[in-house]
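Because only heavy atoms are used, hydrogens play no part in the values below, and waters and symmetry mates are left out as well, while side chains stay in.
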Amino acid sequence: MTQRGPAEFTPPPECPVFEPSWEEFADPFAFINKIRPIAEKTGICKVRPPPDWQPPFACDVDRLHFTPRIQRLNELEAQTRVKLNFLDQIAKFWELQGCTLKIPHVEQKILDLYQLNKLVAEEGGFDLVCRERRWTKIAMTMGFAPGKAVGSHLRAHYERVLYPYHLFQSGTNLLVSLTYKHIRSIYHTLSIKLSSGCVKSEGGEGCENRPNLRRRMGSFVAKPEPGESLAMCGKGNDEDRLLLCDGCDDSYHTFCLIPPLSDVPRGDWRCPKCLAQECSKPQEAFGFEQACRDYSLKSFGEMADSFKSDYFNMPVHMVPTELVEKEFWRLVGTVEEDVTVEYGADIASKEFGSGFPIKGGKFKVAPHDEKYLRCGWNLNNMAMMTPSVLTHVTADICGMTLPWLYVGMCFSSFCWHIEDHWSYSINYLHWGEPKTWYGAPGFAAEQLEAVMNKLAPELFESQPDLLHQLVTIMNPNTLMAHGVPIYRTNQCAGEFVITFPRSYHSGFNQGFNFAEAVNFCTVDWMPLGRQCVDHYRLLHRYCVFSHDEMVCNMAMKADSLDVVLASAVQKDMQLMNKDERELRDKVCKMGVVRCELFEYNLLADDERQCVKCRTTCYLSALTCPCRPGVQVCLHHAHDLCSCPVSNYTLNYRFTLDDLYPMMNAVRQRAESYDEWASRVTEFMEAKLDKKRNVTVFRVLLEESDEKSFPENDLLRQLRLVTQDAEKCSSVAQQLLNGKRQTRYRTGGGNSPNQLTVEEMRSFVRQLYNLPCCLTQAPLLKELLNSIEDFQQHSEKLLSDEVNADSVSEIESLLEEGSQFDVCLPELPLLRERLEQARWLAGVQQAENLVSNPCGLSLDSMRRLIDRGVGLTPHPSTERTMARLQELLTISEELEEKAQALLKARPPESLETLSSMLTQVDGVPAYLPNCLLLQDTVNRAKEWLQEAEDLQVGGQTPVLSSVSDMVLRAHAIPVRLEPLDQLEVLVSEVQAWKESAAKTFLIKNSHFTLLEVLCPRWEVGSSLKKMRKMKGECMSSGKKKLVKLDSMSDVERALSDSKDSASAMFTLAEVRLKELESLCALRAANESKLLPTADCASLKVCVCQKPPMGAMLQCELCRDAFHSVCVRRPSDPLDPEAWLCPLCLRSTKPSLAKIQTLLASLQRIRVRLPEGDALRYMIECTVSWQRRAREVIDSYDHSLTSQDCRGDWGVSGQEQSVFYTEQRCIPLQGLSSEVEELMVEGLLLQVSVPETQQLYRLLLSGPPTTDTSHTEHPPYLTPKHSSPQREVRSVKLYAITSAEKKAKRRMNREEAEIRDRGMKPKSKKQRMGTEKRRERKAASVSASDVSQSEDSEEDMTQCPAENCLQPEGEEVYWVQCDCCNRWFHMICVGVSAELAAEEDYILVKV
């Protein structure tokens, strides 16, 4: 362990901080007087002005140049400076002997030589410490760990460095009676093992070979007797070993010195006699040096910021104030580190201008800032305002009545001091970083001085007025450890710090800042000001101004003095006149007879100072002709000169006869106050029969406020008596009125100020003992009688047994007792009895099944038990408590079991939960977990029943129902056996959907699987029209029609469908919408691409820009696309239908693949919308294949492929700005049936060869009909035959049974709309004229549809020859109008449209 370093600094407590309102801030002296009782207890305080108080900075920055003071931080601290002075003396001692002091190291730390020397001296000296072996004790005291032989090292270092100095101070080396033999014995006793005069440090470090170090130990020499030719030995031989002193030329043998020198030192050497003379010279008084450089404010700020940022290695504004504070006190207390800073202190504002604006100054004040010119907080105004007694000092005192400026940097400090004449001071920080303050209250001033004198007596011996020099600081923690109260604060920019009379304060700056300070004195300072002058006289310290002169100046203006100030001046003048009369009598008795009138006020202060105590003379002084211009005060009459007293002259400013009238004038000014004081004294001392009402005392207080009488003991006593009387009156009136609310009403306890009955009796006596009389006193006796009656009634009630019927009686008593504002011991007992009765009533009400059918809940039981626990024990409550506790225990066990069963993982079986419910029966309590358990069992039973119905129902379940059951099962905390099977089923369906998605969906497609498999419910602009009409529901007393306006509607309809037939019907309806919407879109796109269209206004392609240059045309939507915006066909000349990105929605797998998908779904036996859509897609594909083969077979094959290529892409586009790159099917002359067939093929999401075959055939133009391939055309009746219908005898646009039902449903809807006179929401607006005529002809009545649907149920077998036996729920039939038999449409070659439009008669079966 090494030496203990200085303890980390602990900040003292904070001083008070005041934030006055604007009203309080208006009068600074009134506010300071208001806070003085609080703030003077800490010595300093901080005042934050209102936020809007921001005076402009008026100092002339360009003219401000100053020379700062140099401060070495480790020289500021008193104890550190004592150590440094000691080390300087040791270093000087060795330096005069030709050696340089090198401080030893112990345990890798610099040895504290001052502490070592002090401890050895306290232990009795070197000899005693060695004899009693106390070196280990000293080592431990210095903070070294025992057991490391540190004590031996300390002894060696003391012997080598300090003991010679100790002997030198004691005069041992100057003894003249010692013989040479004795000297040698002393040397051997010391056992100083040095060589070549070098002081070695620990570890055998030797000094360098320098001349001054070689002579360091030549100090112990016996002075030779007078008359001897040489020093003590008396021998004249060995001249080569003679050593000559450079100071006195005495000769010494090197071997006669103690210790002896091996050879003659080089350089200057002093003998012991000369050494004593040099070391005995007094040290110069410590003070701050002035810097060599003159700074401007800007250059000083740059230097200060650079220093702080370099020292802490961070920006100045980021350094915490706590870190700077701890580092400052560490540097102040260390000897090893020497940090030097500069402080621009005590800069005269008169020369460079104040930071505050002043009237007539060079700084031009803005109109809105003129208020700061007259503000009392402007430091140029404060010292000379009327309430400040310094206004009566005639001279301008820089720093006291005129502000001083302070420019600080980091670590620059102001040391412990009190203000001149123990006055107030106020400091304002204009801008910059904070200033840290420390202060001690005025009553602790002498204690602080005593502590510093005790800890650093060496400094006060040389400078008794050290604390008045502002050059010494001491760690606040050290002062606090010795009982001195210290407080601190951080003064930020825009804040004031006020110090109070005789309050020591110090501090340092956190960084670059600019502050301003001034002194002021108030009336309360007057007695302290006179004490300060007496104190200065003892210290022989000069006064800044003459206190007597200031008092006389005020007395000469008695007529205009404030009464408070006049009273204070009168008291001060009484003391002054008394002292002056006694001193003048003393001087007269000494024999001074000559007296002269002398106007000392005409002399400068330094010309009229007492030559002895430096006090400024004013009333009188003694002079002597032998010393012109020199005078002494009457206190030091004997210190003037040695001349006879009869030669002295008493110079006086006023005669005693002049002084008394001045005092009387002040007294007359204060007479109103004295008269008021006499009346106060009379009323305060009045007897019982002459006591005045409290109103008279209030009038006296109001009079004191109006006349601003001084705050003294009499006024404080009057105020205190009045306040006590008013409080007593208020309490008495409250007791009489009974306004206090009781505990059972408000829930509060007894008031801490509430009186007991006995105290009330004492209170009545107190009322009669007051200096004033109160009207409430006689009425309190009657109140006491009422209270005694209440106590008797309460005691009787409390002695009876607890009865629930007594609640009203107890409440009545409590109501009566609450009217008495007295602490009654019966009230708590009555409240306890009332709580018992109410608790029993509450239990009975909670157990009443009429008012609480659910029974007692756990919370209710706990609340009742908690309330019962707080009740005073009683047999009736204890029995009820035991019953409730038993019920609560049983209920909690059941609740815990129920909760455990509900949270069990894995869940428990249904039987386990049911068995638990049997235990709950019969418990008269509300158990939420058990009820939840019951609900869980009920839900589990319902779910199991649904699962059983799902398995035995015979119908294929829908995926949404299965998924919903799985989700519901997960929410039921019961082990359900069918759940695993359903989860497997759902996972298989999900796997099927993923496989289907891989089969159909294009990579990175934004379509879902259902969107690809279902027909599109919107194509192009039809979506907008459908959305616009969404929400319009047509009904005619029947069920609401389902709207299919979005994918979610389609998916919902498919999921809600009861069977596949309903799903097929829904898909057929969507398919119709898709075809009609696409038809309208194709027509619109074809029309806008006509040669007559304005191409510039068109918007085509995915980029929505006009067509231009090479274009591609989609075969499905017939819209044009820029070849650069979309992917081109691999071979433009290859006859393959090109679809745009909007129409190409899937990969279009082969029919075999999707049939395999459908088969795998049928094995899963779960219905889902995607499966129904896939099935519908397969049926549509098969139907389309059949119809496409019929057209392909009837097509005229006379055209060759070369003919098809001949005139492609030429017609109608020669004059257009764009052209199509690929071949498209020409629509001119193409029948709508063939066009629709091709559109249906392109809409298919399945790849079949007929699509490509039909497309290639249609590229050459419209097909020709060849009826020779049709063996059995349907026969048309004469009434329906026409040329047009003969051409269209074979309908190519066939629809399924589901589509037929969908069309009939739409026709019914249109009929219902027409019946109501509404505009039908038909699709005719989205179709061509020919198509509308065809749809209208194809519509059938609702009755026909219903008959057809009824007849379909009776169809069992098709009588057609070679029946194809189609399978599935959607098999299309047609009835012969001749024989009324039913045939499969596919077996007789009749399309759905033909069956809907024409009468069918079978020609041949």
Kindly check if the number of other-residue, nucleotide or ligand heavy atoms within 6.0 Å of [atom1] ([X]) is above 12?
{"X": "D310", "atom1": "CG", "answer": "yes"}
{"X": "E337", "atom1": "CD", "answer": "yes"}
{"X": "Y542", "atom1": "OH", "answer": "no"}

- Query: When you check the gap from the basic side-chain N to the acidic O, do R293 and E342 get nearer than 4.0 Å?
  - Reply: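 Salt bridge between R293 and E342, a charged N being under 4.0 Å from a carboxylate O: no.
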- E419 bridged to R502 by N-O distance under 4.0 Å: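 Salt bridge between E419 and R502, a charged N being under 4.0 Å from a carboxylate O: no.
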- Task: Report the C-alpha distance between W416 and Y504 in whole Å, list the side-chain angles of each, state the deciding distance to 0.1 Å, and finish with yes or no for ring pair (Phe, Tyr, Trp, His ring centres under 6.0 Å).
- Result: CA-CA 6 Å; W416 286 110; Y504 273 97; 7.0 Å; no
- Knowing that exactly one of N519, T499, D420 qualifies, which makes a side-chain hydrogen bond (donor to acceptor under 3.5 Å, both in side chains) with S425?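 Going through N519, T499, D420 one by one, the side-chain hydrogen bond (donor to acceptor under 3.5 Å, both in side chains) with S425 is satisfied by T499 alone.
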Would you call the rings of [X] and [Y] parallel, tilted or perpendicular if under 30° counts as parallel and over 60° as perpendicular?
{"X": "F9", "Y": "Y438", "answer": "perpendicular"}
{"X": "F411", "Y": "F312", "answer": "tilted"}
{"X": "F496", "Y": "W377", "answer": "tilted"}

- Message: Within this structure, what is the CZ-OH distance for the pair F500 and Y424, rounded to the nearest 0.5 Å?
- Response: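 Separation between the atoms: 6.0 Å.
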- Item | Geometric cation-pi criterion R541 and Y536, 6.0 Å radius, 45° cone |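 Yes, R541 and Y536 form such a contact.
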- Query: Centroid-to-centroid, Y428 to F356, below 6.0 Å?
  - Reply: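 Yes.
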